[in-house]
Amino acid sequence: MVIKLHDTLSREVKALEKRAGEPYKVYVCGPTVYGPAHIGNFITFTRFDVLYRTLKVAGYEPYYVRNITDVDDKTIKRSQEEGLSLQAFTEKWTQKFHDDCAALNLLEPDVEPRATEHLQEQIDLVEKLIEKGNAYVGGDGSVYYRVTSFADYGKLAHFDPEQLRTQDTNSAGTANLADEYEREAVADFALWKAQKADDGANSWPGPRHPETGERIAGRPGWHLECSAMSMRYLGPSFDLHGGGEDLCFPHHENEIAQSEAATGETFCRHWMHSTHLLVEGKKMSKSLGNFFTIEDLLEKGYAPAAIRLAFLQGHYRQQFNFTLSGIDAAKSGLEKLEKGLQPLLEKAGMSREQFTGLVPPFAENLGAFQNAWNALCHDLNTPAALGSLFSAVKRASKQAETAEDAQAALRAAATLLFALGLPLFAAQEAEPEAVEVPSDIAELAERRWQAKQSKDFATADALRAELTEKGWQVLDRKDGYDVVQA
RNA sequence: GGCGCGGUAGCCAAGUGGUAAGGCCGGGGACUGCAAAUCCUCUAUCGGCGGUUCGAUUCCGCCCCGCGCCUCCA
């Protein structure tokens with residue numbers, strides 16, 4: 001099956017081309033580990049996870065690289081504030097990131113390179129750019145990329161190069177001239193930042209100065225690590241590169257400039273960007289109280305699978321409004337899917353464990369689930385896929401006549417659920433039990449049961465009302481009853 | 001200012017030149033003494049005004065409203 005995706009560079013929905021005999025090479029810009037990632041970060045990573053899974057199911061044999069940026073202004077500053085070494089600090093947050101990824105059922109990338117572990121590749125790249133005339137040492141001793149040396153600069157973000165060169169204010173309206181003496185042009189960006197006093201111990205011998213031949217102490221600039229690491233693991237030209245929409249410019253634009261100037265080859269054939277989310281209708285911010293980490297949501301009692309489903313209810317190129325009530329809705333939806341599959345499991349003679357143990361993909365007709373799959377293949381349309389998935393579960397239950405039918409439908413369902421990364425039947429361990437029923441409540445419930453047994457419904461109803469008032473609910477069974485908190 | 005996106009039922013959200021998927025919530029019904037659960041079922045002419053067309057929610061133009069990037073924020 002061919003997957004089609006919108007490409008930022010051409011601004012078209014294009015078929016992804018798998019090169020025979022080669023894996024499909026994907027690079028996604030991972031987190032900068034200076035604190036807990038928030039749901040905005042994770043909706044992006046979840047979307048790329050769905051892409052990765054979909055590529056797997058479709059037979060693209062994806063090779064997925066997602067980096068960890070563990071050196072920049074923020075990581076250095078915060079580690080110093082906490083009195084930790086950069087390494088210890090970033091390790092802590094990397095671990096936290098991994099925990100959250102696992103909670104959200106994100107598959108691990110094939111490689112997860114860290115910036116500080118690939119300094120040599122970055123230094124080599126800078127030296128090559130200096131050598132080719134694309135980079136220079138600025139007034140402050142840092143190495144800058146000469147934007148005018150790259151004719152295609154601006155092609156990804158579709159910005160006018162001339163305007164970029166001459167733009168003297170940024171979008172906040174502030175002057176863009178702070179370091180005009182350090183750089184030749186305002187659009188030039190740092191490849192290697194010369195050591196500063198407040199960098200502390202976070203300095204490495206860098207590229208050689210073109211005149212003195214001495215290594216410039218400092219640290220890599222932003223953008224550089226992604227060029228160096230993507231080419232290290234995927235080669236000078238690979239298939240797909242992605243990240244959040246904010247990375248389109250300047251980050252990805254600069255990656256292209258660095259990489260293509262150095263290699264002369266097309267850096268990447270397809271660019272995918274994930275639109276930012278709104279939370280409760282507003283841009284997420286701490287002051288508005290709508291800023292959430294995964295941990296925040298888990299502490300509020302939301303199930304990770306419900307969070308994931310809520311993420312997928314929106315299309316990756318469409319502005320999406322994430323809400324807490326949306327997670328509740330997703331939770332109900334998840335339960336509906338599980339209940340909807342029950343008749344198929346029974347007909348197929350399959351247990352829940354056997355079902356969740358199925359390892360897709362299955363190369364066969366997807367039957368009722370074909371539409372859902374088609375939606376995923378068409379620009380990763382997860383909302384449409386989910387819509388079709390719900391319909392398909394219902395339809396498959398009705399249509400399945402034999403155990404074989406049911407089994408085939410379940411394999412198809414498992415394939416779709418794998419692609420979406422939705423773990424069903426996983427939340428069972430969260431059963432209540434722990435809640436103790438107070439003795440007075442238990443006594444009221446027992447009296448109601450006795451009243452009911454003796455057909456004294458008036459008393460039974462009165463007792464039920466009393467229990468409800470106290471926040472408890474009686475659920476009758478054929479041979480008894482349960483008492484739960486309302 | 002430059003580039004771009006969106007406005008579809010109470011909420012979330014697909015989609016199509018020929019009168020609109022799905023999910024949540026809510027209503028009605030069936031079934032249970034009641035309740036819960038379950039099952040069935042119901043709820044939109046697609047921001048406004050023009051144009052093209054046999055026919056537009058879907059194409060074009062204008063307008064209104066909301067939003068994103070151009071800030072080392074995914």
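The chains referred to below are lettered A, B, ... by the order of the sequence lines, with proteins before strands, and numbering in each begins at 1.
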Discussion item. Students often get this wrong, so: under 4.0 angstrom with heavy atoms, is L277(A) touching a base, only sugar-phosphate, or nothing?
Written reply: base

Discussion item. Rounded at 0.5 Å granularity, tell me how far CD in E469(A) sits from CG in L444(A).
Written reply: 11.0 Å

Item to complete: Respond yes when some side-chain nitrogen or oxygen of N381(A) is under 4.0 Å from OP1 or OP2 of G15(B), and no when none is.
Response: yes

Worksheet item: Within the modelled atom types, does a donor on one side and an acceptor on the other bring the side chain of R448(A) and the base of G33(B) under 3.5 Å apart?
Response: yes

Worksheet item: Want to settle it: does Y34(A) or L386(A) sit nearer the 5' end of RNA chain B, counting the closest nucleotide to each?
Response: L386(A)

Worksheet item: With a 4.0 Å cut-off on heavy atoms, is G326(A) in touch with a base, just the backbone sugar-phosphate, or nothing at all?
Response: nothing

Item to complete: Tell me yes or no: between the side chains of D72(A) and T32(A), is some donor less than 3.5 Å from an acceptor?
Response: no

Practice prompt. Under 4.0 Å between any heavy atoms, over every strand shown, what does G387(A) touch: base, sugar-phosphate, or nothing? Just pick one.
Written response: base

Worksheet item: Do the side chain of D461(A) and the base of G33(B) come within less than 3.5 angstrom through a donor-acceptor pair of N or O atoms?
Response: yes

Item to complete: For U16(B) and A30(B), measure between their P atoms and round to the nearest Å.
Response: 40 Å

Worksheet item: Can F322(A) and E280(A) be said to form a side-chain contact (heavy atoms from CB on, under 4.5 Å), step by step?
Response: CA-CA 6 Å; F322(A) 183 85; E280(A) 306 294 346; over 6 Å; no

Practice prompt. For nucleotides A44(B) and G7(B), find the distance between their C1' atoms and express it as a whole number of Å.
Written response: 15 Å

Response to the item:
Taken to the nearest 0.5 Å, the spacing of L475(A) CG from D482(A) CG works out to 6.0 Å

Worksheet item: Between Q313(A) (CD) and C25(B) (P), how many Å, whole number?
Response: 12 Å

Fill in: Integer-rounded Å distance: A21(B) C1' and H378(A) NE2
15 Å

Discussion item. Taking C12(B) as the reference, what is the distance to A21(B) when you measure between their C1' atoms (whole Å, please)?
Written reply: 14 Å

Worksheet item: Are E82(A) and K92(A) ion-paired here, with the side-chain N under 4.0 Å from a carboxylate O?
Response: yes

Item to complete: Answer yes or no as to whether A74(B) has its base stacked against H38(A), where stacking requires a ring-centre separation under 5.5 angstrom and planes under 30 degrees apart.
Response: no

Item to complete: Pick the P atom in C25(B) and in C39(B), then give their distance to the nearest Å.
Response: 13 Å

Worksheet item: Under the 6.0 Å and 45° cation-pi test, does R53(A) pair with F418(A)?
Response: yes

Practice prompt. Report the distance from atom CG of N254(A) to atom C1' of C70(B), rounded to the nearest whole Å.
Written response: 13 Å

Item to complete: Check every atom of C73(B), G33(B), A21(B) against the side chain of S391(A) and return the nucleotide holding the closest atom.
Response: A21(B)

Worksheet item: Using atom C1' of each nucleotide, how far apart are A56(B) and C60(B) to the nearest Å?
Response: 12 Å

Worksheet entry | Whole-Å distance separating the NE2 atom of H273(A) from the P atom of A74(B) | 13 Å

Worksheet item: Any side-chain N or O of K74(A) less than 4.0 Å from the OP1 or OP2 oxygen of C73(B)?
Response: yes

Item to complete: Take the protein atom CZ of F457(A) and the nucleotide atom P of U32(B), then report the distance between them rounded to whole Å.
Response: 13 Å

Item to complete: Check the distance between A74(B)'s C1' and I68(A)'s CD1 and give it to me in whole angstrom.
Response: 13 Å

Worksheet item: For C24(B), does either OP1 or OP2 sit under 4.0 Å from a side-chain N or O belonging to K331(A)?
Response: no

Worksheet entry | P atoms of G51(B) and U8(B), separation to the nearest Å | 25 Å

For nucleotides 36-46 of chain B, list the nitrogen or oxygen atoms of the protein found under 3.5 Å from its nitrogen or oxygen atoms, one pair per line.
| unit_1 | atom_1 | unit_2 | atom_2 | d |
| --- | --- | --- | --- | --- |
| U38(B) | OP1 | K339(A) | NZ | 2.6 |

Discussion item. Working to the nearest 0.5 angstrom, can you tell me the gap between F45(A) CZ and D100(A) CG?
Written reply: 11.0 Å

Practice prompt. Would you say whether F390(A) stacks on G22(B)? The test is a distance between ring centres of less than 5.5 Å and an angle between planes of less than 30°.
Written response: no

Worksheet item: For residues D73(A) and Y34(A), is any side-chain donor paired with an opposing acceptor at under 3.5 Å?
Response: no

Worksheet item: Do E225(A) and T69(A) have a side chain donor and acceptor closer than 3.5 Å?
Response: yes

Discussion item. Is there a side-chain contact between K336(A) and the phosphate of G23(B), meaning an N or O under 4.0 Å from OP1 or OP2?
Written reply: yes

Worksheet entry | Side-chain donor or acceptor of N202(A) paired with backbone N/O of D199(A) under 3.5 Å | yes

Fill in: Gap between atoms CG and P, on L104(A) and A74(B) respectively (whole Å)
16 Å

Worksheet item: Which one, C12(B), G68(B), A74(B), comes nearest to the side chain of L247(A)?
Response: A74(B)

Item to complete: In whole angstrom, give the distance that lies between atom CG of N321(A) and atom P of G68(B).
Response: 12 Å

Worksheet item: So what does F320(A) hit on the nucleic acid, given a heavy-atom distance under 4.0 Å: a base, only sugar-phosphate, or nothing?
Response: sugar-phosphate

Worksheet item: Does R317(A) pair with D379(A) as a salt bridge, N-O distance under 4.0 Å?
Response: yes

Discussion item. Applying a 3.5 angstrom cut-off to the pairing atoms, does RNA chain B sit in any stems of at least three consecutive Watson-Crick or G-U pairs? List them by first number.
Written reply: B:1-7 with B:64-70, B:10-12 with B:22-24, B:26-30 with B:38-42, B:47-51 with B:59-63

Worksheet item: Using the C1' atom in both, what is the distance from A13(B) to C24(B), to the nearest Å?
Response: 11 Å

Fill in: Separation between the C1' atoms of A20(B) and C46(B), rounded to whole Å
8 Å

Worksheet entry | Annotated protein contacts, base or backbone, on nucleotides 2-8 of chain B with a non-hydrogen cut-off under 4.0 Å, one of B, S, - each | BSS-S--

Worksheet item: So, for H38(A) and F292(A), is the gap between ring centers shorter than 6.0 Å?
Response: no

Worksheet entry | is_close_aromatic(H252(A), H241(A)), centroid dist under 6.0 Å | yes

Worksheet item: For F89(A), is the NZ or CZ atom of R78(A) found under 6.0 angstrom from the centre of its six-membered ring and inside 45 degrees of the ring axis?
Response: no

